[in-house]
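Down below is the structure, laid out as structure tokens.
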Amino acid sequence: MARINQSLGEFIIENQKEFAYSSGELSRLINSIRLAAKMVNHEVNKAGLVDITGSAGGVNTQGEDQQKLDVFANDVFIRTLTNREIVCGIASEENEDYITIPGNNSDHKNKYVVLIDPLDGSSNIDVNVSVGTIFSIYRRITPMGTPVQEEDFLQPGNLQVAAGYIIYGTSTMLVYTTGHGVNGFTLNPALGTYYLSHPNMQFPEDGTIYSVNEGNYVHFPQGIKDYIKYCQQEEGNRPYTSRYIGSLVSDIHRNMIKGGIYMYPKSSTSQNGKLRLLYECNPMAFIIEQAGGKASDGVTRIMDLKPTSLHERVPFICGSKNMVEKAEEFIAKY
Ligand code: AHM
Ligand code: MG
């Protein structure tokens with residue numbers, strides 16, 4: 001039974017039996033993410049104090065400037081996940097190819113693959129705005145005892161065994177699901193312990209917040225333009241409030257608590273939008289659905305999309321069920 005103020009460590013142990021094929025490995029995997037998140041949190045919090053902000057000089061796979069903290073977070077998560085005998089492969093936003101982890105005896109006996117965006121929204125760091133980590137976990141599908149393959153990473157979101165995010169905000173929270181609802185834990189920085197603060201999180205069925213980068217309005221498809229106008233019309237509980245941080249985890253976290261819709265649609269300048277299916281949209285969609293919300297590309301459920309490449313992008317419309325369905329109605333008109 002989840003108890004407010006229960007520590008994440010206790011919670012993981014108590015709920016281990018909920019996992020199918022429970023052997024303790026998934027618990028240990030989440031534990032290692034918890035540890036890495038504490039290390040990243042420590043670094044993020046002192047970003048303004050030491051000369052650690054700014055570009056690391058490199059560019060990542062998508063040609064974007066890599067921030068030093070992106071590199072740091074990527075290293076920490078990869079190192080922490082590699083050190084346990086649980087994960088056979090990692091795909092990260094910051095690495096073009098997936099990483100194969102042979103295991104201590106090089107026997108390729110580890111079961112899980114992790115897909116991760118180690119520090120999402122990192123362009124916000126220099127201005128002291130919240131950033132996040134997003135992770136997605138699958139059981140491998142290729143035979144144990146052989147090196148992990150790309151197909152182990154290209155599984156549809158509906159096969160995820162766990163997913164979560166960490167938000168480095170006014171306080172640091174770890175929110176995750178193993179398919180049995182969503183629970184949120186807040187870090188007590190003095191003790192270095194996460195405590196259950198948001199048990200059984202629920203996406204309100206309806207809401208009054210819409211989150212979209214309206215600067216891209218002219219490039220949006222007509223259905224999205226019409227839906228935005230609908231949000232702004234005066235009728236019933238509209239006009240809605242516009243809130244957009246530009247940090248996916250924070251925007252969705254807020255909407256999950258208050259009720260709202262988040263959209264990163266396709267546009268005339270980017271046919272598939274911006275967000276990455278495997279380590280941004282799928283894990284967020286799993287959490288959102290587990291909390292009673294909805295996530296689609298405007299037409300198809302995100303978690304039913306069949307991935308074709310590690311870094312592919314998809315349009316992303318998610319949030320309160322009724323709001324997403326309304327947006328889909330507008331999109332379907334064209
Ligand atoms: P990143 O992975 O390069 O950090 O980009 C993802 C971020 C999301 O957190 C956010 O929702 C979105 O990009 C904002 O994009 P834009 O600035 O185009 O509105
Ligand atoms: Mg990202």
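Keep in mind that the numbers below use all heavy atoms, side chains included, and drop hydrogens, waters and symmetry copies. The structure presented is a predicted model; accordingly, all values stated were derived computationally and were not measured.
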Please examine the side chains of [Y] and [X], heavy atoms only from C-beta on, and report whether any two atoms are closer than 4.5 Å.
X: I224; Y: F330; result: no
X: I257; Y: H198; result: yes
X: N200; Y: Q202; result: yes
X: L81; Y: L29; result: yes
X: T146; Y: H108; result: no
X: I30; Y: F11; result: no
X: P156; Y: L159; result: yes
X: I99; Y: V148; result: no

How far apart are the closest heavy atoms of [X] and [Y], and which atoms are they?
X: A285; Y: M303; result: CB-CG, 3.9 Å
X: I166; Y: V249; result: O-CG1, 3.9 Å
X: I331; Y: G298; result: CD1-CA, 3.7 Å
X: G103; Y: N110; result: CA-ND2, 4.0 Å
X: C281; Y: V314; result: SG-CG2, 3.7 Å
X: I228; Y: Y210; result: CG2-CE1, 4.3 Å

Nearest 0.5 Å, please: how far is [atom2] in [Y] from [atom1] in [X]?
X: R238; Y: Q232; atom1: CZ; atom2: CD; answer: 11.0 Å
X: R28; Y: E85; atom1: CZ; atom2: CD; answer: 8.0 Å
X: C88; Y: Y138; atom1: SG; atom2: OH; answer: 13.5 Å
X: E328; Y: Y227; atom1: CD; atom2: OH; answer: 10.5 Å
X: E94; Y: S122; atom1: CD; atom2: OG; answer: 6.5 Å
X: I288; Y: Y262; atom1: CD1; atom2: OH; answer: 10.0 Å

Flag yes if [X] and [Y] sit in one hydrophobic cluster, no otherwise; membership is Ile, Leu, Val, Met, Phe, Trp, Tyr, and two members link when side-chain heavy atoms are under 4.5 Å apart.
X: I252; Y: V212; result: no
X: I90; Y: L35; result: yes
X: F203; Y: I302; result: yes
X: V161; Y: I101; result: yes
X: F135; Y: M39; result: yes

Backbone N or O of [Y] within a donor-acceptor pair of the [X] side chain at under 3.5 Å?
X: Q160; Y: G157; result: yes
X: E10; Y: Q6; result: no
X: R313; Y: K274; result: yes
X: N188; Y: T193; result: no
X: Q155; Y: D152; result: yes
X: K294; Y: I317; result: no
X: R140; Y: P143; result: yes
X: S320; Y: P204; result: yes
X: H311; Y: N95; result: yes
X: S270; Y: S267; result: no

*Determine, step by step, whether V44 and I125 satisfy the side-chain contact (heavy atoms from CB on, under 4.5 Å) criterion, reporting the C-alpha distance in whole Å, the side-chain angles of both residues, the deciding distance to 0.1 Å, and the verdict.*
CA-CA 8 Å; V44 167; I125 290 168; 5.5 Å; no
Mark yes when over 12 heavy atoms from residues, nucleotides or ligands other than [X] sit less than 6.0 Å from its [atom1]; otherwise mark no.
X: H219; atom1: NE2; value: yes
X: K266; atom1: NZ; value: no
X: K258; atom1: NZ; value: no

*Among D97, N74, D117, which one satisfies side chain to side chain donor-acceptor pair (under 3.5 Å) with S92?*
N74
*Determine, stepwise, if the pair Y264 / N216 fulfils side-chain contact (heavy atoms from CB on, under 4.5 Å).*
CA-CA 10 Å; Y264 211 110; N216 295 329; 3.6 Å; yes
Side chains of [X] and [Y], donor plus acceptor under 3.5 Å:
X: Y334; Y: D226; value: yes
X: T208; Y: N237; value: no
X: Y168; Y: T133; value: yes

_S136/N282 under side-chain hydrogen bond (donor to acceptor under 3.5 Å, both in side chains): CA gap, chis, key distance, verdict_ = CA-CA 7 Å; S136 168; N282 266 337; over 6 Å; no
*Output, in order, the C-alpha distance, side-chain angles, deciding distance and verdict of side-chain contact (heavy atoms from CB on, under 4.5 Å) for E43 and V76.*
CA-CA 11 Å; E43 234 26 56; V76 167; over 6 Å; no
_Which residues share a salt bridge (charged side-chain N to carboxylate O under 4.0 Å, His left out) with D251, sequence neighbours left out_ = R254
*Report yes or no: is the cationic atom of K38 (NZ for Lys, CZ for Arg) under 6.0 Å from the centre of the six-membered ring of Y194, at an angle within 45° of the ring normal?*
no
*Mind running side-chain contact (heavy atoms from CB on, under 4.5 Å) on E14 and R3 for me, showing each step along the way?*
CA-CA 11 Å; E14 269 186 30; R3 296 182 309 275; 3.5 Å; yes
*In terms of the angle between their ring planes, are Y230 and Y240 parallel, tilted or perpendicular, with boundaries placed at 30° and 60°?*
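Geometry flag for Y240 against Y230: perpendicular rings.
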*asked:* Assess the residue pair K326 and E329 against the criterion (salt bridge (charged side-chain N to carboxylate O under 4.0 Å, His left out)); give the C-alpha distance rounded to whole Å, side-chain angles, the decisive distance to 0.1 Å, and a yes or no.
replied: CA-CA 5 Å; K326 192 61 165 177; E329 261 174 48; 3.3 Å; yes
*Passes side-chain hydrogen bond (donor to acceptor under 3.5 Å, both in side chains), N31 versus R34? Steps please.*
CA-CA 5 Å; N31 252 319; R34 166 181 77 148; 2.5 Å; yes
